[in-house]
Amino acid sequence: MKTITFKDSQKVAKAVAAEIIKIVNQKPNAVICIAGGDTPLPVMQELIHEADLKKVDFSKAYFVGLDEWVGLGKETKGSCIQTLQDNLYEPLGLREEQIIFFDGKANDLEKELDRINAFIAKKGLDFILLGIGMNGHIGFNEPGVTIDSEAQVVALDEVTTRVMSKYFDEQLPLTEGITLGFKQILAAKNIVLMATGLKKAEIVKQTVKTKPTNQLPATVLKLAEKEADFYLDEAAASLLEEESL
Ligand code: PGA
């Protein structure tokens, strides 16, 4: 896994957006997956800006969701689909058929897994942008997760249930997430893991220093077919730099 450090989160966002734009300009019908969460928000703004300037055309691209809280849909502020809809898909003017997203409210989650698995099996992922949880989770692939799996439903880790209140206006009784699995993530043609801010510095250091293990899911990205890039700002990389002095 290659680490690439930029001065601040804006510069990271510009670099990540440039990667995505390059891919879509080369392959207009590329399949792109962008995580929900706070970290990718500046990347989304950058993509919208560049699309407004006609530097890229997303009208043939596909956007796959990385994950969703089981029980939530787009009417809940803080759900993954609401975050992506409001901050990326709608501003880009995407059509419904361009968006492939888990329905966290589906009665039959197995069917939901099958639907997403079938799409990815057919088209693959050209690019995936991932954030990292405070416990090192990737999507809802929590510590201890089965790594040889396609999309799956996973019980939320205790750290995730503690951190999740930052996304929601009220306390929600969430216990599970639905997520792409590592089998799919590792096969993506381009993988970018992004971390910004001082609070991520410790988990970034652990991820870089630790051999692949399902106990720290971000380390599993070291097994990717094509080397994953770890994009950091100086704050998130600060414990790495101290070590290398
Ligand atoms: P964040 O979430 O981008 O909101 O920090 C990352 C994650 O939990 O995967």
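Numbering of ligands and ligand atoms starts at 1, following listing order. All heavy atoms count here, side chains included; hydrogens, waters and symmetry mates do not.
- Centroid-to-centroid, the aromatic rings of W69 and F168 come within less than 6.0 Å.
- The residue I138 has no part lying near ligand 1, judged by heavy-atom distances below 4.0 Å.
- In this structure, E234 pairs ionically with K7, as a charged nitrogen and a carboxylate oxygen lie closer than 4.0 Å.
- Heavy atoms of M134 come nearer than 4.0 angstrom to ligand 1 in no pair at all.
- In terms of protein heavy atoms, atom 6 (C) of ligand 1 is closest to I132 O, 3.5 Å.
- Residue G37 approaches ligand 1 through these ligand atoms, each under 4.0 Å from one of its heavy atoms: 3 (O), 4 (O).
- Interface of H137 with ligand 1, defined as ligand atoms under 4.0 Å from a residue heavy atom, comprises 7 (C), 8 (O), 9 (O).
- No side-chain heavy atom of L130 sits under 4.5 Å from any side-chain heavy atom of I34.
- Atom CG of L223 sits about 12.5 Å away from atom NZ of K211, to the nearest 0.5 Å.
- In terms of protein heavy-atom proximity, atom 3 (O) of ligand 1 is nearest to T39 OG1, 2.4 Å.
- The contact set between ligand 1 and K166, taken as ligand atoms under 4.0 Å from a residue heavy atom, comprises 1 (P), 4 (O), 5 (O).
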Quiz: residues 192-204 side-chain donor-acceptor pairs under 3.5 angstrom, not counting sequence neighbours:
| from | atom 1 | to | atom 2 | distance (Å) |
| --- | --- | --- | --- | --- |
| K200 | NZ | I132 | O | 3.0 |
| E202 | OE2 | Q206 | NE2 | 2.7 |

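- A salt bridge links E75 to K105: one of the charged nitrogens lies within less than 4.0 Å of a carboxylate oxygen.
- In terms of protein heavy-atom proximity, atom 2 (O) of ligand 1 is closest to Y167 OH, 3.0 Å.
- Closest to atom 5 (O) of ligand 1, if we only count protein heavy atoms, is K200 NZ, 2.7 Å.
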May I have the list of side-chain donor-acceptor pairs in residues 35-56 shorter than 3.5 Å, sequence neighbours left out?
| from | atom 1 | to | atom 2 | distance (Å) |
| --- | --- | --- | --- | --- |
| D38 | OD2 | K166 | NZ | 2.9 |
| E46 | OE2 | K14 | NZ | 3.3 |

